[in-house]
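What follows is one structure encoded as structure tokens, with my remarks underneath.
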Amino acid sequence: MNDFISLHDCTPEQISGLLELAIKLKKEQKAGIPHPLLKGKTLGMIFTKSSTRTRVSFEVGMTQLGGYPLFLSSNDLQLGRGEPIYDTAKVLERYLDGIMIRTFSHQDVLDLAKYADIPVINALTDLLHPCQVLADLQTIYEKKGALKGLKLAYIGDGNNMANSLLYGCGKMGLDCAVATPAGYEPDAEVVENAKGDFAASGASMLLTQDPAEAIKDADIVYTDTWVSMGMEAEKAERVKLFMPYQVNGALFAKAKDDAIFMHCLPAYRGYEVTEDVIDGAHSVIFDEAENRLHAQKAVMATLMG
Ligand code: CP
Ligand code: NVA
């Protein structure tokens, strides 16, 4: 593995390897056992979008690995004033041992990875959010004791989370049902690619407009904001359109009795999910957030070690 840009690029064995390492690093961290696998290494962290979890978990994770995290805001980088990605990549590779980037265009991340001779980690684009889904797979495994054979239902906007969950489920053999309004389905190219992953693992993929159909027999119920970063202007229109896809108590009750509720956060209570569900006994949202730390440490240690 040279970069971590999409779970579709990973083999199931590579994903399992990352999850095993994440679980091991989590145990070591909780036991107070030092694990300086990246001593003396530096990770550049480029952000052109906001973040709470991603920034803090990468900074803390790099520090726990004995390395140095360098926050690079696009407001300050020359990249934000029009310096080409090519030049930025060729310069940064002379200083850094790895780059983490959160930005709008997925193509920009692909270009950065193509030009930079150091590992590049995708920390969210408009298309994908693989670090989140790796942490989510860890959380599902910890809660359910398995991945293969489970059913995940994603209800809401066919956004970067829906796309990455399709890849994650397809690779690791979870059945995945996605319910979105018409016109807000997951990315068509991702769906095509994911078909191959589902065929290889033997799991099923369902795209529907009916949340009740998607959630039936689900072990995991997942939702995300209806207004992703960059879509703020569409908020009013989206809230009206997506309200029938709200994960509330009545809808959640149609999943399995022991279903868990997941959300990458930030969440908007009263919109994509109601308080009784997100703050209820089945919610594992803060375990997901914690596992960002451990899963990303596994990614950094694997790519940069
Ligand atoms: N889930 C997630 O990536 O959160 P942040 O936007 O706070 O980083
Ligand atoms: N879909 C959301 C995820 C935030 C972590 C967004 O892109 O804003």
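Both counts, for ligands and for their atoms, begin at 1 and track the order of listing. The figures that follow rest on heavy atoms only: side chains count, while hydrogens, waters and symmetry mates do not.
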Taking atom types as modelled, is there a side-chain donor on Thr208 or Glu213 under 3.5 Å from an acceptor on the other?
yes
Protein contact of atom 2 (C) of ligand 1 - nearest heavy atom, named by residue and atom, plus distance
Arg292 NH1, 3.3 Å
Decide whether an N or O pair under 3.5 Å exists between Lys49 and ligand 2.
no
Just let me know how Arg55 lines up against ligand 1, side chain, backbone, both or neither, with a heavy-atom cut-off below 4.0 Å.
neither
Sidechain N-carboxylate O distance under 4.0 Å for Glu192, Lys195:
yes
Would Leu265 count as a polar contact of ligand 1, with the cut-off being nitrogen or oxygen pairs under 3.5 Å?
yes
Close-contact set for ligand 2 against Leu124 heavy atoms, below 4.0 Å:
3 (C), 4 (C), 5 (C), 7 (O)
Are Glu28 and Lys297 ion-paired here, with the side-chain N under 4.0 Å from a carboxylate O?
no
Atom 8 (O) of ligand 2: closest protein heavy atom, distance to 0.1 Å, is Met229 N, 2.8 Å
Can His129 be said to touch ligand 1, with heavy atoms closer than 4.0 Å?
yes
Please report which non-hydrogen protein atom sits nearest to atom 6 (O) of ligand 1, along with the residue it belongs to and the distance in Å to one decimal place.
Arg102 NH1, 2.8 Å
Option of least heavy-atom distance to atom 5 (P) of ligand 1 (set: Thr52, Asn160, Leu124):
Thr52
Are Glu288 and Arg292 close enough for a salt bridge, meaning some N to O gap below 4.0 Å?
no
N or O pair under 3.5 Å between Cys264 and ligand 2
no
Electrostatic pair Asp276:Arg269 at N-O distance under 4.0 angstrom
no
Is there any N or O on Cys264 that sits under 3.5 Å from an N or O of ligand 1?
yes
Shortest protein contact, atom 6 (C) of ligand 2 (heavy atom only)
Ser228 OG, 3.3 Å
Does a donor on one side chain and an acceptor on the other come within less than 3.5 Å for Thr103 and Asp108?
no
Salt bridge check: are Lys90 and Glu93 linked by an N-O gap of less than 4.0 Å?
yes
Note the single closest protein heavy atom to atom 4 (O) of ligand 1, along with its residue, its atom name and the distance in Å.
Arg53 NE, 2.8 Å
Is it the case that ligand 2 has an N or O less than 3.5 angstrom from some N or O of Asp224?
yes
What part of Leu265, side chain from CB on, backbone N/CA/C/O, both or neither, has a heavy atom under 4.0 Å from ligand 2?
backbone
Looking at Asp217 and Lys151, does any basic side-chain N land under 4.0 Å from a carboxylate oxygen?
no
Can you label the angle between the Tyr86 ring and the Tyr115 ring as parallel, tilted or perpendicular, going by 30° and 60°?
perpendicular
Check the side chains of Asp136 and Tyr222 for a donor-acceptor pair under 3.5 angstrom, ignoring hydrogens and angles.
yes
Close-contact set for ligand 2 against Asn160 heavy atoms, below 4.0 Å:
1 (N), 2 (C), 6 (C), 7 (O)
